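Okay, so here's the structure we're looking at.
Counting begins at 1 with the first residue of the sequence. Side chains included, hydrogens not; waters and symmetry mates left out as well; all remaining heavy atoms used. Since this is a predicted model, take the numbers as computed values, not measurements.
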Amino acid sequence: MEKKPILALAEEVYRHTGTFSQADIQALAEEQGVPYAQLAGAVSFYALFSGGKLGEVTPCNVPEIPLTLEVRRILSQPGDYAGLKAALALSPDEILEAITASGLRGRGGAGFPTGLKWKTTKDCVSPVKYVVVNADEGEPDTAKDGAILRNVPHAVLEGMIICGLCVGASKGYVYIRGEYPEEKRLLDREVQRARHEGILGAHVCGTEFAFDVEIVAGAGSYVCGEETALLSSLEGQRGEPRLKPPFPGVAGLYQMPTVVNNTETIANVPLVLRLGAESYRQYGTEKTPGTKLVTVCGQVAQPGVYEVPLGTSLRSILDAVGYCQTTAKLIQVGGGASGCLLLPNSLDAATLDIEGMAAVGGTLGTGSVRVFGEDTDIVALCRDVAVFFQEESCGKCTPCRFGTKRIAELLELLAEGNGEAIYIAELRAIAAYMTDNARCAFGQSATGILLAALRLFPEEFEARCKGGHSAWNQ
């Protein structure tokens with residue numbers, strides 16, 4: 001019988017006692033048969049166990065009830081598991097063909113084709129395979145996964161079972177953000193219901209296929225949103241990213257072939273099987289079919305989580321939620337790690353899909369959209385983002401460990417009006433070095449907002465330098 005993940009055991013101790021002492025670490029280490037030093041080093045990585053506090057649950061204050069602009073597909077699914085029942089009538093090859101034909105791509109930021117990811121794991125010959133859902137939604141201004149988990153937790157489980165059926169996995173894990181206790185409770189309740197009704201367990205829907213799911217809560221680490229860091233965390237290690245290759249599809253959880261999908265991605269899977277690939281593609285674009293959950297916040301009249309067809313113009317989304325161009329200074333798309341800042345006059349050219357955002361020099365990221373008002377202090381904004389990334393860096397690699405710290409220091413000096421001209425050139429140099437040399441996507445993208453701001457608002461940085469000039473062209 002598989003052992004329960006150490007992170008889940010540690011979280012149980014903490015929730016019960018309110019602390020995680022050396023004695024608790026020693027007892028758990030002995031129980032699990034791991035060295036004390038190894039376990040102590042692992043749990044000290046997480047804010048929850050090291051005296052810190054978990055982050056804010058709703059950093060953009062989105063409402064609890066998701067809204068809809070045009071279509072309501074993911075957030076109106078009935079919990080009848082019809083997609084799973086359709087999948088059980090197909091062979092694994094036929095399921096993979098449907099997912100591939102649908103054009104479903106990852107909704108967590110990278111946009112990788114889901115069918116290709118599944119095929120990698122399916123083609124591996126291994127006695128054990130896993131399905132892991134990344135619900136560690138820590139990206140600033142993003143609340144789409146929380147909306148799914150609150151409203152349609154069954155869609156996540158259904159997608160996981162279908163994935164397991166396709167790739168040959170019998171066990172799945174949902175790694176859920178530690179700041180989502182209510183969402184975890186709802187998901188746990190759905191797991192119990194599915195087991196009771198025979199949807200999960202040794203005989204899924206009365207067949208010989210076996211699949212079960214375990215929910216594991218994170219402990220306050222943004223970097224665990226990176227898939228390999230998440231897998232390390234599930235294994236009871238520090239949540240530090242691994243070098244790739246090998247990729248998780250070949251050597252993932254416990255070095256076994258593992259599919260890692262974002263919450264929104266896996267929630268789309270039942271729709272593909274329920275509707276068929278052709279019907280699924282009626283929304284979205286040719287290269288990025290389907291719909292997208294968008295967290296809209298900031299200077300708009302109706303902030304919330306909206307579902308729109310991929311390829312929808314950014315302006316039409318903002319117009320629908322009460323956006324005023326005359327009082328807006330900039331729009332951030334995709335979350336803090338996306339590096340996408342747009343000026344109000346560039347909205348007409350921006351469409352919410354992977355190719356559309358690339359055309360305006362940005363990325364879709366998690367699909368969040370934040371509007372900043374005309375009084376926004378750009379330097380202070382960049383400082384706040386830099387402090388966030390400095391605090392969340394795992395410290396594994398030198399470029400990120402020292403780079404995030406130095407950038408935060410320089411931006412603090414500039415924000416206070418105590419900058420020097422050379423600071424701007426130094427910021428650009430450090431950001432470029434991190435982009436090229438950081439170990440994982442965290443460090444490579446942590447400076448995206450800064451670089452975009454330096455390009456769009458150079459005068460605001462120059463104004464914070466003593467003497468009012470900069471080494472901009474150095």
Side-chain angles (χ1 to χ4, degrees), residues 2 5 87 90-136 145 156-176 209-214 216 223-237 239-270 272-273 277 287-288 290 354 366 439-442 444-445:
E2 285 187 357
L90 304 175
S91 69
D93 287 339
E94 289 171 327
I95 296 173
L96 181 62
E97 182 180 347
I99 296 298
T100 303
S102 74
L104 176 62
R105 297 172 71 171
R107 301 291 200 259
F112 193 80
T114 304
L116 183 56
K117 178 176 282 193
W118 286 20
K119 184 178 188 302
T120 299
T121 299
K122 180 179 179 297
D123 288 349
C124 289
V125 178
S126 173
V128 178
K129 298 179 182 180
Y130 295 103
V131 176
V132 173
V133 169
N134 184 349
D136 190 44
D145 293 352
V156 176
L157 300 186
E158 186 174 10
M160 294 176 74
I161 303 169
I162 294 170
C163 180
L165 185 64
C166 176
V167 305
S170 59
K171 184 64 182 285
Y173 292 93
V174 178
Y175 189 102
I176 189 170
F209 175 60
F211 193 86
D212 207 355
V213 172
E214 186 168 347
V216 179
V223 77
C224 285
E226 195 278 334
E227 62 178 2
T228 63
L230 183 153
L231 295 176
S232 294
S233 183
L234 272 177
E235 293 174 1
Q237 304 173 39
E240 297 173 339
R242 306 171 183 174
L243 291 176
K244 295 184 287 188
F247 293 94
V250 176
L253 187 62
Y254 305 118
Q255 296 303 306
M256 297 297 177
T258 304
V259 172
V260 183
N261 279 148
N262 173 261
T263 304
E264 187 181 359
T265 309
I266 207 74
N268 269 269
V269 168
V272 174
L273 275 297
K287 293 184 178 180
T288 315
I354 295 171
T366 58
R439 180 184 178 94
C440 76
F442 176 96
Q444 294 163 10
S445 60

> Just wondering, do Ser126 and Met256 contact through their side chains at under 4.5 Å, heavy atoms?
Replying inline: yes
> Counting N and O atoms only, with roles assigned by atom type, does the side chain of Thr114 sit under 3.5 Å from a partner on the main chain of Leu104, one being a donor and the other an acceptor?
Replying inline: yes
> Are Ile99 and Leu273 close enough that some pair of their side-chain heavy atoms sits under 4.5 Å apart?
Replying inline: yes
> What are the two closest non-hydrogen atoms of Met160 and Ile266, and how far apart are they?
Replying inline: N-CG1, 3.6 Å
>> Measuring from atom CG of Asp212 to atom OH of Tyr173, what distance do you get when rounded to the nearest 0.5 angstrom?
In response: 9.5 Å
> Going through the checks in order, is the salt bridge (charged side-chain N to carboxylate O under 4.0 Å, His left out) test met by Glu226 and Arg439?
Replying inline: CA-CA 12 Å; Glu226 195 278 334; Arg439 180 184 178 94; over 6 Å; no
Which side-chain N or O atoms in residues 246-253 pair as donor and acceptor under 3.5 Å with protein atoms at least two apart or in another chain?
none

>> Could you check whether any side-chain heavy atom of Lys122 comes within less than 4.5 Å of a side-chain heavy atom of Leu96, counting everything from C-beta outward?
In response: yes
>> Can you confirm whether Lys287 sits close enough to Arg105 that some side-chain heavy atom of one is under 4.5 Å from a side-chain heavy atom of the other?
In response: yes
> Should Lys117 and Phe112 count as side-chain neighbours, where that means a heavy-atom distance under 4.5 Å?
Replying inline: yes
> Can you tell me how far CG of Asp136 sits from CG of Asn262, rounded to the nearest 0.5 angstrom?
Replying inline: 10.5 Å
> Between SG of Cys440 and CG of Leu243, what distance do you get to the nearest 0.5 Å?
Replying inline: 9.5 Å
> Can you name the nearest heavy-atom pair linking Pro241 to Thr228, along with the distance?
Replying inline: CA-OG1, 3.4 Å
>> Ignoring hydrogens, what is the shortest heavy-atom contact between Val131 and Cys163? Give both atom names and the distance.
In response: CG2-SG, 3.7 Å
> When rounded to the nearest 0.5 angstrom, what is the spacing between CD1 in Ile161 and CG in Leu157?
Replying inline: 6.0 Å
> When you measure from the side chain of Asn134 to the backbone N and O of Gly225, does any donor-acceptor pair fall under 3.5 Å?
Replying inline: yes
>> Quick check: do Tyr254 and Val128 have side-chain heavy atoms less than 4.5 Å from each other?
In response: no
>> Give me the atom names and distance for the closest heavy-atom approach of Ala169 to Phe211.
In response: O-CD1, 3.3 Å
> To the nearest 0.5 Å, how far apart are CZ in Arg107 and CG in Asn261?
Replying inline: 11.0 Å
>> Nearest 0.5 Å, please: how far is NZ in Lys119 from CD in Glu97?
In response: 12.5 Å
>> So which atom in Gly108 and which in Thr366 form the shortest heavy-atom distance, rounded to 0.1 Å?
In response: O-CG2, 3.7 Å
> Taking all atoms of both residues into account, what is the closest heavy-atom pair of Ala98 and Ala277, and its distance?
Replying inline: O-CB, 3.6 Å
> Is any side-chain heavy atom of Tyr175 less than 4.5 Å from a side-chain heavy atom of Cys224?
Replying inline: yes
> Side chains of Arg242 and Leu231: closer than 4.5 Å at any heavy-atom pair?
Replying inline: yes
